[in-house]
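Structure, as structure tokens:
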Amino acid sequence: MNQVIFPPFTSRDNRLFLEDHDLCELCDLHGTPLLVTSEKRLRENYRRIYNAFSSLYSRFEIRYAIKSNSNPAVISILRDEGSGVDVSSINELNIARYCGVPVEKILFSPNNASRDELLEALKNGVAVNFDDIGQLNILGDKHPETASFRINLNIEKGEFPGTTTAGPNAKFGMPESYAAEAYRQAREIGVRKFGIHVMIGSNVLSPDHFEHVAGEIFNAAGRISRETGIKFDFIDLGGGFGVPYRPEEKELNVDTVASSVINSLEKANAQYGLGNPKLLIEPGRYISADTTVLLGRVNNIKSYTKTFVGTDIGMNIMLRTALYGAYHHIVLANDLSRALSGPKEIVGQICENTDRIAKEREFPEARIDDIIAVFTSGSYVSSMSSNYNGRTRAREILLSDDGIHVVRERDKFEDFVRNTKIPDHLLDNSGK
Ligand code: LLP
């Protein structure tokens, strides 16, 4: 085997396998582009991060960020594990309800939500992480019983500028200096229970970062509590727990993260008398990213200027590489023994020159009909995909103990026109 593969995938006779399934055979059966997810890995990831924290602090719960992968099968598996969810829109809220997630385990963390959206969440009995006091005020006298605010700590960290969600340039949350007044106003209008929320940025692999953020938000909670006399029912640390995308990256040790976070919570509890609030985290990527591989087929190869490997994985299927310049590791699933043979551009079918899943990537010589496998595709791949250029999204399949399940079908032509209408005067009645 000359090409490096990621767990939980294995190589048999130099072909890529997930559990006992030959992924190239699945492509022959189900077509490409295809996303294949392991139920086993999803459950393992959830349990690893849940056990790391809950073994140290019993008032701990997970709110899986379903923006990272909103397939109902994925959410149902996590609901079965006991997970709650973090949702960013009413449609995500409805997906969670559709999958049977109890309302008390749903947290709504929207940005610039409308009054109607906020009211809809409250009508459903779902707690809200308000982005700032303005979002609570637009509700007037229809305020909720519980309110949590997102604090924009002055920490800028995320894998890319586009995925950094705190600091002076971020559109999210409000600085701590405005928070005490916001909580006072909330109490004045009748809010009785309080939470505090932070989300710094996505895909961070350093345990020290989480220790730092936790220390900052626990201290902020302590200061706000002292200043206003309110007690926090929950403290929500958000997501951001990273996973390796490159072979040389090391995975995040969640036991190390949990022990430093809980240590810091206990210190703040003692210092400020926080009263053992519930601790929430909202991981998305950590739970679903490495459960899934994206498979595509090579349709064309050109070597006039550079070598372009033309596949059926366009930026409509995999946006992250075009949008952020993200790295996803790629191999030839039908021949892992083929040696690397110089830099190539691995591209899709979309009419944009940014449509590349890899730039100047050391890659083996590719041939027509080869199957390429793009690792770490279980988060922010399907959920960010589109029908741009009239291309269909990937079919999604789930590998479970009891077999293979199709969990998302490809769109058909009718799906492309389903919500459109040609006005009567433009209908072609000529019979031509
Ligand atoms: N909670 C909130 C309020 C968030 O905004 C996010 C992600 C999460 C939780 C989950 O973060 P995670 O644990 O997955 O890092 N599309 C980008 C990622 C954007 C993340 C935005 N917020 C990407 O493809 O990398």
Side-chain angles (χ1 to χ4, degrees), residues 42 45-46 48-50 53 61-70 74 78 83-89 92-93 96 106-113 121 127-132 135 148-153 156-167 170-173 195-206 209-210 213 217 234-245 251-252 254 257 280-292 294 315 317-328 357 374-386:
L42 188 67
N45 289 348
Y46 176 81
R48 196 180 318 109
I49 192 162
Y50 178 75
F53 283 88
E61 288 178 22
I62 290 186
R63 301 284 179 262
Y64 170 67
I66 74 175
K67 59 170 76 74
S68 65
N69 186 330
S70 53
V74 166
L78 294 171
S83 184
V85 296
D86 173 64
V87 300
S88 53
S89 65
E92 284 191 351
L93 191 160
I106 305 177
L107 194 50
F108 184 35
S109 309
N111 189 233
N112 301 319
V128 179
N129 276 327
F130 288 93
D131 196 60
D132 77 331
Q135 288 271 274
S148 169
F149 290 113
R150 177 162 174 165
I151 308 300
N152 181 352
L153 296 176
E156 268 186 311
K157 199 163 171 74
E159 190 182 9
F160 308 109
T163 58
T164 299
T165 53
K171 66 169 184 153
F172 304 98
I196 186 164
H197 177 219
V198 64
M199 168 73 204
I200 300 293
S202 204
N203 201 28
V204 180
L205 280 169
S206 122
H209 164 74
F210 296 97
V213 172
I217 197 69
F234 66 85
I235 301 182
D236 177 357
L237 293 182
F241 305 88
V243 299
Y245 280 79
E251 60 183 53
L252 178 69
V254 282
V257 173
L280 304 179
I281 59 170
E282 304 166 347
R285 190 185 318 265
Y286 184 85
I287 293 180
S288 50
D290 72 1
T291 64
T292 303
L294 170 60
M315 64 194 281
I317 305 285
M318 162 56 81
L319 183 61
R320 303 189 71 248
T321 51
L323 189 60
Y324 314 116
Y327 180 99
H328 278 259
I357 35 180
V374 184
F375 292 111
T376 338
S377 291
S379 294
Y380 306 111
V381 176
S382 170
S383 61
M384 290 172 72
S385 66
S386 76

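These numbers come from a predicted model, not from an experiment. Read the numbers this way: they start at 1 and go in the same order the structure lists the ligands and their atoms.
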Checklist entry - Is there any N or O on T165 that sits under 3.5 Å from an N or O of ligand 1? => result no
Next on the checklist: Using a 3.5 Å distance criterion without hydrogens, assess whether the side chain of Q135 forms a donor-acceptor pair with backbone atoms of D131.
Outcome noted: no
Next on the checklist: Please evaluate residues R150 and D236 with respect to the criterion salt bridge (charged side-chain N to carboxylate O under 4.0 Å, His left out), reporting the C-alpha separation (whole Å), side-chain torsions for both, the decisive distance (0.1 Å), and the verdict.
Outcome noted: CA-CA 9 Å; R150 177 162 174 165; D236 177 357; over 6 Å; no
Checklist entry - Where is the nearest protein heavy atom to atom 15 (O) of ligand 1: which residue, which atom, and how far? => result S202 OG, 2.4 Å
Checklist entry - In the protein, what heavy atom is nearest to atom 14 (O) of ligand 1, and what distance, to one decimal place, separates them? => result Y380 OH, 2.6 Å
Checklist entry - For atom 17 (C) of ligand 1, what is the nearest protein heavy atom, given as residue, atom name and distance? => result Y324 OH, 3.1 Å
Next on the checklist: Test your reading of the structure: does G201 have an N or O sitting under 3.5 Å from an N or O of ligand 1?
Outcome noted: no
Item to check | Atoms in ligand 1 flagged as close to P283, the criterion being non-hydrogen separation under 4.0 Å | outcome: 13 (O)
Checklist entry - Can you check whether Y245 and H328 have ring centres sitting under 6.0 Å from each other? => result yes
Checklist outcome for this item: ligand 1 to R285, heavy atom cutoff 4.0 Å, flagged ligand atoms 12 (P), 13 (O), 14 (O), 18 (C), 23 (C), 25 (O)
Checklist outcome for this item: The side-chain contact (heavy atoms from CB on, under 4.5 Å) partners of E61 (sequence neighbours excluded) come to R63, K278, L280
Next on the checklist: I need the atoms of ligand 1 closer than 4.0 Å to a non-hydrogen atom of M384, numbered in the order shown.
Outcome noted: 16 (N), 24 (O)
Checklist entry - Nearest protein heavy-atom contact for atom 4 (C) of ligand 1: which residue, which atom, what distance? => result K67 NZ, 3.1 Å
Checklist outcome for this item: For G284, the atoms of ligand 1 under 4.0 Å from one of its heavy atoms are 12 (P), 13 (O), 14 (O)
Item to check | Side chain, backbone, both or neither: the part of R150 lying under 4.0 Å from ligand 1 by heavy atom | outcome: side chain
Next on the checklist: Tell me whether D132 contacts the main-chain N or O of G173 through its side chain, where contact means a donor paired with an acceptor under 3.5 Å.
Outcome noted: no
Next on the checklist: Checking contacts here: is it the side chain or the backbone of Y286 that comes within 4.0 Å of ligand 1, counting heavy atoms only? Could be both or neither.
Outcome noted: neither
Next on the checklist: If we set the cut-off at 4.0 Å for heavy atoms, which region of D86 has an atom near ligand 1: side chain, backbone, both, or neither?
Outcome noted: side chain
Next on the checklist: Under a 4.0 angstrom heavy-atom cut-off, which atoms of ligand 1 come close to E282?
Outcome noted: 1 (N), 2 (C), 3 (C), 8 (C), 9 (C), 10 (C), 13 (O)
Checklist entry - Taking atom CG of L323 and atom OG1 of T163, what is their separation to the nearest 0.5 Å? => result 9.5 Å
Item to check | ligand 1 atoms in contact with M199 (distance to a heavy atom under 4.0 Å) | outcome: 1 (N), 2 (C), 4 (C), 5 (O), 6 (C), 7 (C), 8 (C), 9 (C), 11 (O)
Next on the checklist: Would Y64 and S288 count as a side-chain hydrogen bond (donor to acceptor under 3.5 Å, both in side chains) here? Give the steps.
Outcome noted: CA-CA 9 Å; Y64 170 67; S288 50; 2.9 Å; yes
Checklist entry - What is the minimum heavy-atom distance between A121 and V128, and which atoms define it? => result CB-CG2, 4.3 Å
Next on the checklist: Let's go through N129 and S148 carefully: what are the C-alpha distance in whole Å and the side-chain angles of both, what is the deciding distance for side-chain hydrogen bond (donor to acceptor under 3.5 Å, both in side chains) to 0.1 Å, and is it a yes or a no?
Outcome noted: CA-CA 5 Å; N129 276 327; S148 169; 2.6 Å; yes
Checklist entry - ligand 1 and G240, any nitrogen or oxygen pair closer than 3.5 angstrom? => result yes
Item to check | S383 side-chain N/O to K67 backbone N/O, donor-acceptor pair under 3.5 Å | outcome: yes
Checklist entry - Counting from 1, what ligand 1 atoms have a heavy atom of A65 closer than 4.0 Å? => result 8 (C), 9 (C), 10 (C)
Checklist outcome for this item: For atom 24 (O) of ligand 1, the closest protein heavy atom turns out to be R320 NE, 2.6 Å
Checklist outcome for this item: Of K157, E159, R285, the one forming a side chain to side chain donor-acceptor pair (under 3.5 Å) with S202 is R285
